[in-house]
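Right, one structure below, let's go through it.
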Amino acid sequence: MSRARKAKEARVSDKYRSKDALRSLSGATVASVLLIDFAGLGAVAWAWLRSDTPRLHHWVLFALLTALALAHMALTRPSEERRRAVRQERALVEYVDQNGIWSAAAALVLPTTMAIALVLIVRSRRFFTARKPLGLWTSTTATVVLAVVAAGSVRDLLDAATWLGQTPVVFDTGAGLRALAVMSGAVVVYFLAEAVPIGIYRGIRWGKWSLLYTIGSRDDNKLILHTLLLGMAVALVAVVLPPPALLGMLAIAVFDTRNVGRIAALETESARHKTAAITDARTGLLNRRGFDALAAAAVDIDHANGQPTAMLEIDIDKFKGWNSRIGHPGGDKVLAAVADVLRRDTRTGDILARTGGEEMAVVLPGTDWTTALDVAERIRRSVQNLETEVVNPAGGNTLRLGHDPLPPCTISIGIAASPEQGTTITALERYADQALEVAKRNGRNQVVALAMLVPDAGDQLLCSPAPQDRAGAAGDQTAERMPVPQ
């Protein structure tokens with residue numbers, strides 16, 4: 001693993017450890033964590049009172065399964081770390097730890113106290129690579145203990161003699177059916193014993209009680225089921241074949257976990273490529289390719305529903321001068337700052353894009369031109385009030401927009417709207433460009449809306465003139481009429 005990747009993963013780890021520290025959680029959430037911890041301790045006490053004395057072959061299996069679990073963890077750590085980091089960066093529900101293969105198997109073939117000991121050894125080793133602070137790590141460990149005790153109870157209830165007896169075991173028809181019942185029951189109770197307390201914790205913490213937020217997505221649960229079935233296969237091999245056969249199961253488990261990691265990596269890379277194909281790298285807005293399809297669909301949908309659509313064409317005034325004054329890295333910071341204003345001053349569902357060098361566009365679904373004028377004015381004022389810090393390429397000192405020697409950043413905006421200026425994105429873009437040209441020709445730092453003001457006046461422009469200084473940016477502005485450029 002490269003140093004850069006290690007550093008990145010360390011930053012992600014620190015971020016999530018800090019966010020999940022018990023001191024940062026609500027009282028109800030902390031209470032749920034402590035309740036899970038006490039339930040785990042109760043399960044340990046219950047197992048201690050009910051477990052039989054281990055025999056020699058149990059100690060052999062315990063040593064072998066523990067060694068295999070630790071080897072599996074070491075051999076799959078790079079792929080598991082990448083998978084875990086990706087899920088946390090994407091804010092997905094808890095990642096599935098495939099070390100459950102070994103704890104699920106131990107729950108069937110070892111006395112419950114020994115299975116708990118295996119869990120504690122493996123989980124202690126896992127703590128050093130986990131993305132959790134100690135408080136949440138202990139509660140997660142408690143859910144695994146609960147799962148192991150629950151699965152062991154199913155085994156004891158249905159067929160303890162077969163699973164805890166001397167190996168290898170030969171299954172007849174009746175014993176085979178009982179073994180199937182034990183494994184099926186163990187998978188169900190193991191899953192529920194982990195999922196229910198974790199789901200309650202998540203519901204209390206996030207205030208969201210849907211299945212997606214409490215027990216995860218369908219893909220998450222399919223992977224959990226897949227992991228538990230592998231655990232059942234390991235348990236079956238442990239009682240049917242000599243102990244060295246478990247080495248073959250280690251190879252299968254390592255291959256499976258790495259394959260899961262590869263699939264996750266490919267899916268993530270594919271999603272990144274899809275996003276990169278329609279996203280502008282400097283601003284995070286849509287690029288022309290991503291904008292055209294979405295904007296056209298928005299206009300078509302509004303037209304079909306009898307709703308207006310407004311389009312803003314935005315140009316950063318004298319942007320080449322910014323590049324000359326503060327260099328291209330500074331110019332990029334100006335672009336990013338303006339993009340942040342667009343995100344902040346528009347609604348979820350509005351379509352934002354960088355369509356050219358210093359040009360941006362906004363489509364406002366369900367919005368008429370008068371409302372769009374208010375939105376555009378708000379954006380213009382916010383941009384003029386930016387105080388983004390940039391580094392002066394000559395001397396390296398930090399400068400702020402709007403503070404001597406840097407002038408404020410200003411923008412010009414042209415507005416067109418449907419149905420007045422057409423019912424296609426092509427028409428709106430053409431007329432918004434015309435309005436933008438008028439705004440630039442009139443001195444820049446202003447908003448111009450194309451509108452049919454009176455029936456006998458033809459196409460005209462409503463121009464909102466720029467204030468003379470920053471203090472006047474929020475003042476009332478009087479509209480003046482200007483002819484549409486041909």
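The model shown is predicted, which means the values in this text are computed figures rather than measured ones.
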Run the side chain to side chain contact (heavy atoms under 4.5 Å, CB included) check on W322 and L406 step by step: do they pass?
CA-CA 9 Å; W322 284 109; L406 293 183; 4.3 Å; yes

Steps toward side chain to side chain contact (heavy atoms under 4.5 Å, CB included) verdict (Y201, I36)
CA-CA 9 Å; Y201 155 77; I36 293 172; 4.2 Å; yes

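Using a 4.0 Å cut-off between charged side-chain N and carboxylate O, D433 and R430 make no salt bridge. Between R444 and E358, none of the side-chain N atoms (NZ, or NE/NH1/NH2) sits under 4.0 Å from a carboxylate O, so this pair counts as no salt bridge. Under 4.0 Å is where a charged nitrogen must lie from a carboxylate oxygen, and between R378 and D374 no such pair does.
Qualifying salt bridge (charged side-chain N to carboxylate O under 4.0 Å, His left out) partners for R258, counting only residues two or more places apart in sequence or in other chains: none.
Side-chain contact, R126 with T140: no donor N or O sits under 3.5 Å from an acceptor N or O. With no hydrogens or angles considered, a side-chain donor-acceptor pair links H72 and T257 at under 3.5 Å. For the 3.5 Å distance criterion, the side chains of D315 and S412 fail to qualify, holding no donor opposite an acceptor. Side-chain contact annotation: Q384 with R380, donor-acceptor N/O pair under 3.5 Å present. A donor-acceptor contact closer than 3.5 angstrom links the side chains of T309 and D302.
The minimum heavy-atom distance linking V119 with V145 is given by the pair CG1-CG2, 4.2 Å. The two residues L335 and G357 come nearest to each other via the heavy atoms CD2-O, 3.6 Å.
Checking side-chain atoms of N305 against main-chain N and O of I301 turns up a donor-acceptor pair under 3.5 Å. Listed for the T29 side chain is no donor-acceptor partner under 3.5 Å among the backbone atoms of G27. With hydrogens and angles ignored, the 3.5 Å screen pairs a side-chain donor or acceptor of N385 with a backbone N or O of R381.
More than 12 heavy atoms of other residues, nucleotides or ligands shown are found within 6.0 angstrom of CZ on R288. No more than 12 heavy atoms of other residues, nucleotides or ligands shown are found within 6.0 angstrom of CZ on R218. Within a 6.0 Å radius of NE2 in H226, more than 12 heavy atoms belonging to other residues, nucleotides or ligands are found.
Residue T138 is tested with L134, T141, L136 for a side chain to side chain contact (heavy atoms under 4.5 Å, CB included); the sole match is L134.
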